[in-house]
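Keep in mind that the numbers below use all heavy atoms, side chains included, and drop hydrogens, waters and symmetry copies. Note on naming: letters A, B, ... go to the chains in the order of the sequence lines (proteins, then strands), and numbering restarts at 1 for each one.
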Amino acid sequence: MRFSQLLIPTLKEDPSEAEVVSHKLLLRAGYIRKLTSGSYTYLPMGLAAIRKVEQIVREEMNRAGAQELLMPMVQPADLWQESGRWQEYGKELIRLKDRHNRAFCLGPTHEEVITDLIRKNIHSYRQLPINLYQIQTKYRDEARPRFGLMRGREFIMKDGYSFDATDQGAEETYEKMKYAYHRIFSRCGLTFRAVDADSGSIGGSFSHEFMVLADTGEDTIVVCKSCSYAANMEKAICQKGNAPQDIALKEVERIETPGKRKVKVVCDFLQIKPSELVKTLVYIVKDEAIAVLLRGDHGVEDIKLANLLGVSDEDMRLADDKELFDATGTPSGYLGPMGLKIRVVADQEIGNMRNFTVGANEKNFHLQGVNMGRDFTPTLSGDIRKVTAEDRCVACGGKLELTKGIEVGHIFKLGTKYSEALKATFLDDQGDEIPFIMGCYGIGVSRVVAAAIEQHHDKDGIKLPVAIAPVQALVLNLSPKDEEISKAAQDIYGQLQRSHIEVILDDRDERPGIKFKDADLIGIPFRITVGKSFSKEGMIEVRRRTDGETVSIPLADTVATVMDLINKAGAELA
RNA sequence: CGGGGCGUAGCGCAGCCUGGUUAGCGCGCCUGCCUUGGGAGCAGGAGGCCGGAGGUUCGAAUCCUCUCGCCCCGACCA
């Protein structure tokens, strides 16, 4: 491929529409162009990078025993009605009608279609397990598409579905996929964590999200600095501390705190730390007001609270001041657990606190020297708060870190949710008809490219690892008008092509500076420069994009050197 | 869906508040000269329904109304 013929529209300046670095660079380096909000054309360089990721995904999925197929993108509504998701899925499901006025949707995912396929074609346990996947454009009508390829309405996804005869088999399949995912993201050169995306309450955890660590990530995750423990904020377990043994309990003391309502203000006034105070929040849970006790410096994790109460977090919200007063008879800011008539849920940490401060349920008064058990007893107690960096790892006790992540993959043990809904059954070895046990496994292929750029770039542009860079090498002919230089550049280009190296020849009639800048921006891993030093000393320069490491070598050795460098760079990730 | 911002040449922007010749600037593009190891220089040139519709006015990029699009924060989603 000659640069002069390729569509690589690079930009000197950042486009105003882009906010995050991957979006800016994808546009500037000529990888993508926007058609409309959330949908992008993949230009030759962008598509090449996506194809590289797809190929790695294919190889690892196949290695793990999965088979590739391709399902229709337009799906009939009746299948979705059968699973119940036509109603449940909501506005993200884009719906359309055909000329006969029959309803369809564009597939945001394919559980229905694959389950339909399997129920029609697999009837015996002897045919199980089976694991199928596809790589396809998905459509989700996102409320707010953003950050370029990071969250589009149209994106390329690998979605896989497994069908097992037994729970144990399904777990084995799940583990195989988890392993395959580790290999895939490692080969893509990503720094990532597989995070626990399940509360783990019953029978271990069967959902993991693969998060690429990057500041621009939309999710917050907790990772352990010492071991491999990592979890979603909503799922991260707070280690329950030990109660102090040797602290004498004080008497409860009523103190006037005029006009002091906020935690910080009360603490400043009483000369205590927020960790010595217990705040009382009121939630409205399905029309019932419930008090929630939390240490002053902690925050409620809604999902955990909802789980403890056994409700959906959608049925739960913070009360406003009026609702709070109606429920407790006390204005906000002076609430406390003592004497409250409504249900009280305490964070598990409260039990470890001694002689703390709470509101007195009386305007302008607080109580000090309060202790749980002696002075009040909560209706319920449990882990309902957000983890903090001060917490310790539940797995190893190591230090935790809160960091941002980009979700590039999600694996999930589905169980029989869809097989039951769609009556997808097989005969087991006893001749009993039972539903398939399913798992599903997704990878945001186009998002992987964006995430990789978030992790691999510098001020000059993209520097993707060889494994997923659009091409491996770029030959710069610095003087297309110089016959000798052009001949050498052409020679190297031809030899590399014959050696099956993906290579672009920059044959443009541009000044050297432009070629160097573009080479850095596009992020081709190996740059081979034929210019002045060739005319003078017969030397060719080979430079590695990732670290700028440069070697000068004679023409005769160039191709061998480049191949060697590419192989070494590839081997590091394989 | 709530809040905020922006639509002027391919890209980045100025002009708008305070209406008034032919709508500017930088980059890019085309032609020529010159230059050739990190986005050169000179000269000439092309390119605009000032997002769209309606209104106010003698006169609208500029003021008003409506509308469409894009971006950000949040909600939502995963």
Problem set entry | Carboxylate-amine/guanidinium proximity below 4.0 Å for A:K463 and A:D547 | no
What nucleotide, of [options], holds the atom closest to the side chain of [X]?
X      : options             : result
A:P15  : B:G12, B:G74, B:G69 : B:G12
A:D219 : B:A78, B:C71, B:A75 : B:A78
A:E92  : B:A75, B:C77, B:G12 : B:C77
A:Y40  : B:C71, B:A78, B:C72 : B:C71

Could you tell me whether the side chains of [X] and [Y] share a donor-acceptor contact shorter than 3.5 Å?
X      : Y      : answer
A:R95  : A:Y89  : no
A:T388 : A:H298 : no
A:S39  : A:K34  : no

Counterpart base for [N], defined by Watson-Crick or G-U wobble contacts under 3.5 Å:
N     : value
B:G69 : B:C6
B:C58 : B:G20
B:C50 : none
B:G38 : none
B:C76 : none
B:U31 : B:A43

Problem set entry | Atom-to-atom span, CD of A:E88 to C1' of B:C77 - whole angstrom | 14 Å
Seminar exercise, completed: Whole-Å distance, A:R144 CZ to B:C70 C1', equals 12 Å
Taking the [atom1] atom of each, how far is [N] from [M], in whole Å?
N     : M     : atom1 : answer
B:C70 : B:C25 : P     : 31 Å
B:C58 : B:G45 : P     : 39 Å
B:G26 : B:C1  : C1'   : 40 Å

Seminar exercise, completed: B/S/- along nucleotides 23-38 of chain B (protein heavy atoms under 4.0 Å) is ---BSS------BBBB
Return the set of residues passing side-chain contact (heavy atoms from CB on, under 4.5 Å) with [X] (not counting sequence neighbours), or none when no residue passes.
X      : value
A:K138 : A:H110, A:Q134, A:Q136, A:F155, A:M157, A:D159
A:S16  : none
A:K536 : A:K532

For this session: Identify, with sequence neighbours excluded, every residue that meets salt bridge (charged side-chain N to carboxylate O under 4.0 Å, His left out) alongside A:D287.
Result: none
Exercise. Heavy atom of residues 439-448 of chain A under 4.0 Å from RNA chain B: which residues?
Worked result: none
Exercise. Hey, does the side-chain of A:R151 have a donor or acceptor N/O within less than 3.5 Å of a partner on the base of B:C77?
Worked result: yes
Problem set entry | Backbone of A:Y139 reached by a side-chain donor or acceptor of A:R153 within 3.5 Å | no
Exercise. Does any N or O in the side chain of A:K386 come within less than 3.5 Å of the main-chain N or O of A:V300, such that one atom is a donor and the other an acceptor?
Worked result: yes
